[in-house]
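Structure first, then comments.
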Amino acid sequence: MNDGDEGVGGAAQSKRKDARRNKETLLDAAAAVFVTSGVEAPVRDIAAKAGVGLGTIYRHFPTRADLVIAVYRHQVEACAEAGPALLESSPTPHAALAQWVDLFVDFLVTKHGLAAALQTDNAGFETLHAYFLDRLLPVCTQLLDAAAASGEIRSDLTAYQLMRGVGNLCIGADSDSRYDARRLVELLVAGLRQSH
């Protein structure tokens, strides 16, 4: 009898893993669509990219705000986890910082859309903003400290200043085709280099 119970438990656990993986796939697809088309992109585009039906998306996320918030949290976590991984795999700490800031820019595109999607829920947005700072400031600090310790960049910039500066460069970029925020962010990150 115990063997049967374990089998059922294993099957349930496997099912939960599959459900979690499917949700991750869906959130990755939504994030990619939001980056290219904004948070108002048709849900059918997200479903097509994720390879699921519309019903699957609505079952997980009954409203667009639910989906946008889930993507926001998903991207914060991906950005937070990427920092240490990039430090390990990149040729230099400055290269890791540059790659991480690029991911951060993708996240910011969604974040600005989120602000519009949650205009009526300031408390909810404030909670998410605090979560974003709690998770990402330490990661950015770690990247900046490593690049400064290696002598690649100047050491007089805080993570908050860099993240705020990158965020400010990204404001309105989605509504002005003549403005390339990513190019200016690249120049900002390049400008951190220590002049010898």
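Counting from 1, the numbers follow the sequence of the chain as shown.
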Exercise. What do the steps show when you test Leu103 against Leu86 for side-chain contact (heavy atoms from CB on, under 4.5 Å), and what is the final call?
Worked result: CA-CA 11 Å; Leu103 291 174; Leu86 287 169; 4.2 Å; yes
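- The CG atom of Leu192 lies 6.0 Å from the CG atom of Leu162; values are rounded to the nearest 0.5 Å.
- No donor-acceptor pair under 3.5 Å is formed between the side chain of Ser90 and the backbone N or O of Pro93.
- Taking both residues in full, the closest heavy atoms of Phe61 and Ala70 are given as CE2-CB, 3.3 Å, listed atom of the first, atom of the second, then distance.
- Residues forming a side chain to side chain donor-acceptor pair (under 3.5 Å) with Asp45 (at least two apart in sequence, or on another chain): none.
- With sequence neighbours left out, Asp180 forms a salt bridge (charged side-chain N to carboxylate O under 4.0 Å, His left out) with no residue at all.
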Exercise. Passes side-chain contact (heavy atoms from CB on, under 4.5 Å), Val52 versus Asn22? Steps please.
Worked result: CA-CA 9 Å; Val52 300; Asn22 291 342; over 6 Å; no
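- To the nearest 0.5 Å, atom CG of residue Asn168 and atom SG of residue Cys170 are 9.0 Å apart.
- Looking at residues two or more places apart in sequence or on another chain, you find a side chain to side chain contact (heavy atoms under 4.5 Å, CB included) between Thr63 and Ala65, Asp66.
- In this structure, Glu88 contributes its side chain and Ala85 its backbone to no donor-acceptor pair below 3.5 Å.
- Side-chain atoms of Ser37 never come within 3.5 Å of backbone atoms of Phe34 as a donor-acceptor pair (strictly under, hydrogens ignored).
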Output side-chain donor-acceptor pairs under 3.5 Å for residues 130-144, partner residues at least two apart or in another chain, one line each.
from: Tyr131; atom 1: OH; to: Glu77; atom 2: OE2; distance (Å): 2.5
from: Arg135; atom 1: NE; to: Glu77; atom 2: OE1; distance (Å): 3.3
from: Arg135; atom 1: NE; to: Glu77; atom 2: OE2; distance (Å): 2.9
from: Arg135; atom 1: NH2; to: Glu77; atom 2: OE1; distance (Å): 2.7
from: Thr141; atom 1: OG1; to: Leu137; atom 2: O; distance (Å): 2.8

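- Residues forming a side chain to side chain contact (heavy atoms under 4.5 Å, CB included) with Tyr179 (at least two apart in sequence, or on another chain): Leu169, Ala173, Asp176, Ala181, Leu184.
- Applying the side chain to side chain donor-acceptor pair (under 3.5 Å) rule to Arg44 yields no partners; only residues at least two apart in sequence or on another chain are considered.
- Shown here are the side chain to side chain donor-acceptor pair (under 3.5 Å) partners of Arg193, two or more places apart in sequence or in another chain: His94.
- The side chain to side chain contact (heavy atoms under 4.5 Å, CB included) test applied to Ala149 returns no partner, not counting sequence neighbours.
- Counting only residues at least two apart or in different chains, salt bridge (charged side-chain N to carboxylate O under 4.0 Å, His left out) contacts with residues 154-171 comprise Arg154-Asp156.
- Residues Asp102 and Val189 have side chains not in contact (no heavy-atom distance under 4.5 Å, counting atoms from C-beta outward).
- Remark: Thr92 engages Glu152 in a side chain to side chain donor-acceptor pair (under 3.5 Å) (not counting sequence neighbours).
- Partners of Ala32 under the side chain to side chain contact (heavy atoms under 4.5 Å, CB included) rule, at least two apart in sequence or in another chain, are Lys49.
- Within the structure, the side chain to side chain donor-acceptor pair (under 3.5 Å) test picks out the following pairs touching residues 24-33 (sequence neighbours left out): Asp28-His74.
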